[in-house]
Structures are given as structure tokens and as C-alpha cells.
Amino acid sequence: MTNAEITPAPNFIRAIVEEDIKTGKWDGRVVTRFPPEPNGYLHIGHAKSICLNFGIALEYGGTCHLRFDDTNPTKEEAEYVQSIQEDVRWLGFDWGANIFYASDYFEQLYECAVRLIKKGKAYVCDLSPDQMREYRGTLTKPGKESPYRNRSAEENLDLFSRMRAGEFPDGSRVLRARIDMASGNINMRDPVMYRILRAHHHRTGDKWCIYPLYDFTHCVSDSLERITHSICTLEFEDHRPLYDWFLDELEVYHPQQIEFARLNLTYTVMSKRKLVELVDAGHVRGWDDPRMPTISGMRRRGYSPESIRRFCEVIGVAKRNSTVDAALLEHCVREDLNRKAPRVMSVLRPLRVVLVNYPENREEELEAINNPEDPAMGTRRVPFSRVIYIERDDFREDPPKQFYRLAPGREVRLRYAYYIKCVGVVKDEKSNEVIELHCTYDPETRGGSSPDGRKVKATLHWVSAAHALQAEVRLYESLFLTPTPGEQKGGDFKADINPNSLVVLNSCRVEPGLADAAPGDSYQFERQGYFCVDPDSSPTRLVFNRTATLRDTWAKIEKGLQRS
Ligand code: ATP
Ligand code: MG
């Protein structure tokens, strides 16, 4: 993908906003909002909505509100309210003073409901939930009117105030909008506006025992905040007539609802219900587990906010649902890290190598380049001595064809150091496993090139045994084995969990220069991939997460497309 292809593309929502600015529809104002329900941590799908809503506000000199849609007291927690704010800020967006809670509007919502009752547009209904379902009808069968539909406004006002006062048991009555039981749109068949529920609310405590439902709350909240463009996902398209009906009947300020396609990603699940399940059942270590599609998981994994914003731009905004290849997200992450991450050497599965002709007590420092993509990042000095570690995979006693790395009698280059040649193999007597190599080094090849022009076919990374730091490295793969988890398993997404999504390596060795690495710092471990320091890390025990391997499958797909 070239840079030109990923500059912010015009989309139909930007087109609407620009048109509205031109015609002065909202007096030139642009006010959007991001309205999460605090019932889980934010995920990459939310990031798309955040980038869109905050992005549009930024581009057109408007504001974007952060509004907690907290009308469901049983599933909501203060922990989620905190994490959501942290994640939006980390992504790089600022709501300024515009932080709101739907629960702050409970009193106003109640008044709006009373107004609708007085207009004959809402009524208290005593049908049981089962009866309500039966009366609602289906897509092909019209609904039936509730026997309580024609209660007088006086009776409804009285009953509604007594619902609020706590005179009736949970679930015994609801307040419904009085619209049209024969409507082709089921959302318009007298939808429920309020339910009785004795549950403690994270902000209003036990003040309320009736709670407004989403469809009623959302449009009124948008109206109170004088939102101009209420951007939501496609599944709310069928709710738009209801959004408009409430505001028209209330005769209040009326924003425009606009729907766009939600983000779906391969090899992951995104619904909060499923994410809660993964956390609660212990399939992951928590909401911020680096395998989670949550923003906090991606942060811990080493994804930068820039790469996530970039991804959200690249995927664009459309009116049709589709699924994005997870490889594209990783591609954006690699592109960003390739530019920013310093290169270091780290041996994940160490094999001890003794350089038999290197003097016992000598050590020296060799110069290494920090980032070939960015000369301004300079160089560093890496210690070298008689005993080093190389990657176990880089040696084969009996090398197959195409294996050009180290083998008995063969010479390779140690990156930034010397040519070495394998002259001996030490094995464990019992297991016959190779435990040490003996090599000679060529002092004439310091820096990694031979004055006589002698060529070697492989360059290996290494660390000096006496100087290297011990580290734990956590290797991640996708949490699921199939592109659409659960699809072939009757929806049981947990049946597709990848048992190898986490592999922990305990005896890795990294360059001593990483002693001061702080949680969140990212590096490219040469030939291994991108890694970042985990919050579990301490000065005595470094812990790294693999952010991504170096294999960019998306770039390969792109190249294939260009060729064909
Ligand atoms: P989930 O289905 O994952 O529980 P939700 O829509 O119930 O998500 P909310 O907290 O209500 O979660 O979402 C807040 C905002 O984020 C909404 O405007 C919603 O449309 C948007 N959003 C949620 N998931 C996605 C997604 N996958 N792609 C784009 N926008 C999303
Ligand atoms: Mg929701």
C-alpha cells in the first residue's frame, strides 16, 4: 500500500457534514458524540467510531462529546467508565469539558415521558413480558393492540408516577410509546420506554427504580446536548424512524441520525458479551490481555495510537457491512514500528557458543545501527566476548538443503561482529541434545566484513553471555483459529480458541542496553519481530510481549494484487 492510497478519503458522512456547513443547516455548528455503554472495555470497533466522531469534529472545527450511555444499571460499572476515558485519551482525542452521562438526564427524560403521556402518545401497559412478545407480532404478522393502550392520560400519569414511587414490583408494568401496532417496522410497535427495576446504579444509587430504555434515552440525550450529527452503526437504521418519532412528538431540537457499517475483523470476536465471557472464563488474563481486540489489550501488545488511527482511516467508512482482514491491522502496526522502533539483538531460545580462539579475559564493544530506516536514531555499542548465545534455530547439526545458517564446518557472520566457523559440537550425554558449540572467530572480519572478499550466506544475531540480561518473552498468535470464530460450530466461538495463542519463553537473553527499558517501550528484535516491554516487567526481570512478527502477510497480498 502506498502512502497516497491512505490519505483520509472523503466519505459519505464527511460529505453530509460539508453540505450542512455550506447550507447553514446547523448554523455552521458540528457537534458529534461517542456514546459507549459502560459495560465493558472499548475494542477496535469502538476505535473506528471514536476516530470517526472525534475526527469529524476536529476536521470541521466542531466538538465531540463523550457520553456514557448508562441506562442499564445491572451490567455497568465504574471501572468501565474509567477505562473508557483512559482509552479515548490514549487514542489521542480530547472531549474537553464535554463529558456527559445519560443518567444525568433521568429527571429530564422523566419529564419528556410525562409530556408524551399527556399528549396521548405513551401509556402504562400491564401485559407480562410473554404476552408483550405475543402481541408484538412478527415480520410477516402485524401486532395486536394491548388492552391497556386506551387508558386515559390521567390514569397513565397516575400509574407512571406510582411506578417511579416504587409502588409496583419489578417487571410488573412498563411505559410504552403509543405508535402503531400494525407498522411494518417492529421497532414502531409501541416500544417500551421505561421498565421497573430495583437495581443500584453506579451514579444515581438507589434514587430510581424505573429506568428508561436505549431508544428513548438516546435521542433525547442527543437533543439535550444539541448534537448535529448522531452517527451510529447500521443496525440502528431500523430504529431511525423511532428516533425521529420521539423528537418530533416532543417538538424539541432534532439532530440527524446517520448510520455506517460497523467494523468486523477476521480471527477475533468483537461483541462485548463475548469479550466478557472470555475474561470471566479465564481464557485470557484480563481485559488488557495482549490477545484481546480491546484498545487496552492492543496498547499492552505494543500497538501505538498512531497505527490504530491509521488503520481506522485506511478501512474507510461505508454503508455496507464487511469484514476486514486482521493482517491489515498488523500491517499498519508494522509500518509504524518499522519507522520508530530501535533495533536490538535478543536471543529467544539460547544456544551457548564458545569462541575457542578468542582470549579468555578480553571483551570489546562493537558499533550497531539503531534503525536503518532512520539514520538520526544513531548507533550504539554492543559488548562482545568469548562466550555468546545464538538462536537455537540458527544451528543444524545435519542441515537440510536451503538451510544456510550455522552447521558443523560452516562459516557465518555475527551481525556487527565477526565471521565465525563451527569447529565442534558438545552434546548432553543422556539426551544427545546439542548444548554448546565451539567456534573459531576471524579477527580480520571485525564489523562483519571480510577484507579478502570471502562471502558467507547467513548473518546471525547474538548476545554476549556475560553481559546479556535475562528476560521472559511472551509470544502471541491470534486468539482464534478460524476467520469467523464459531461459524462452523453452531456459534460456539469458544470452540475455535487457539490453544497456542500464548507461548511463554523463560530464558531469553537481551542486550544489556535494555536494562532501563520501561513498560510500553517498543523494539525490533533483529530477525524476530517487534516486541514491547510489558507492565509486569521489573529491573530484575524483564518481560516482553511480541507485538508482531516481521512477516507482513498483508504486504504480500497487496503485491500479489498488483501483479495480477
Ligand atoms: P457491542 O456490540 O460490542 O457490545 P455496542 O454497540 O453495544 O457494542 P456501545 O458501547 O453501545 O457498544 O458502543 C458505543 C459506540 O461504538 C456506538 O455508537 C456503536 O455504534 C459504536 N461501535 C460499537 N461497536 C462497533 C464496531 N464494531 N464498529 C464500529 N462502531 C462500533
Ligand atoms: Mg450498545
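Since we're looking at a predicted model, the values are computed, not measured. Whatever order the structure lists ligands and atoms in, that order sets their numbers, starting from 1.
- Backbone and side-chain nitrogen or oxygen atoms of His46 are examined, and one is located within less than 3.5 angstrom of a nitrogen or oxygen of ligand 1.
- For an aromatic pair to be called close, the ring centres must be under 6.0 Å apart, and Tyr214 with Phe236 satisfies this.
- For ligand 1, the atoms lying closer than 4.0 Å to a non-hydrogen atom of Pro35 are 14 (C), 18 (O).
- Residue Asn39 has no nitrogen or oxygen atom sitting less than 3.5 Å from a nitrogen or oxygen atom of ligand 1, judged on distance alone.
- Residues Arg551 and Glu330 are not paired through a salt bridge, judged by the lack of any N-O separation under 4.0 Å between the basic side chain and the carboxylate.
- Interface of Ser271 with ligand 1, defined as ligand atoms under 4.0 Å from a residue heavy atom, comprises 3 (O).
- Assignment of Phe34 to the shell around ligand 1 is supported, since a heavy atom sits closer than 4.0 Å.
- Close contacts between ligand 1 and Thr233 involve ligand atoms 20 (O), 29 (C), 30 (N), 31 (C) [criterion: under 4.0 Å to a heavy atom].
- Ring to ring, Tyr110 and Phe160 are close: their centroids are under 6.0 angstrom apart.
- Considering backbone and side-chain N/O atoms, Ile231 never comes within less than 3.5 Å of an N/O atom of ligand 1.
- Ion pairing between Glu18 and Arg14 fails under the 4.0 Å rule for side-chain N and carboxylate O.
- Classification of Asp492 and Lys494 as a salt-bridged pair fails, no side-chain N sitting under 4.0 Å from a carboxylate O.
- Electrostatic pairing of Asp496 and Lys489 counts as a salt bridge here, judged by a charged N lying under 4.0 Å from a carboxylate O.
- Within ligand 1, the atoms closer than 4.0 Å to a non-hydrogen atom of Met270 are 3 (O), numbered from 1 in the order shown.
- Below 3.5 Å of separation, one finds no N or O of Phe260 facing any N or O of ligand 1.
- Residues passing the side chain to side chain contact (heavy atoms under 4.5 Å, CB included) test with Arg320: none are found, sequence neighbours excluded.
- At a 4.0 Å cut-off, not a single heavy atom of Arg273 sits close enough to ligand 1 to count as contact.
- Taking the six-membered ring where the residue is Trp, Phe106 and Tyr211 present perpendicular rings, their angle passing 60° and hence far from 30°.
- Close approach of ligand 1 to Glu37 (heavy-atom distance below 4.0 Å) involves ligand atoms 9 (P), 10 (O), 11 (O).
- Taking only non-hydrogen atoms, the option from Gly40, Ala47, Ser49 nearest to atom 21 (C) of ligand 1 is Ser49.
- Against a heavy-atom cut-off of under 4.0 Å, Pro36 is close to the following atoms of ligand 1: 10 (O), 14 (C).
- Considering backbone and side-chain atoms together, Lys48 places no N or O closer than 3.5 Å to any N or O of ligand 1.
- Look at Lys340 and Asp336 and you find a salt bridge, because one of the NZ, NE, NH1 or NH2 atoms lies within 4.0 Å of a carboxylate O, short of that distance.
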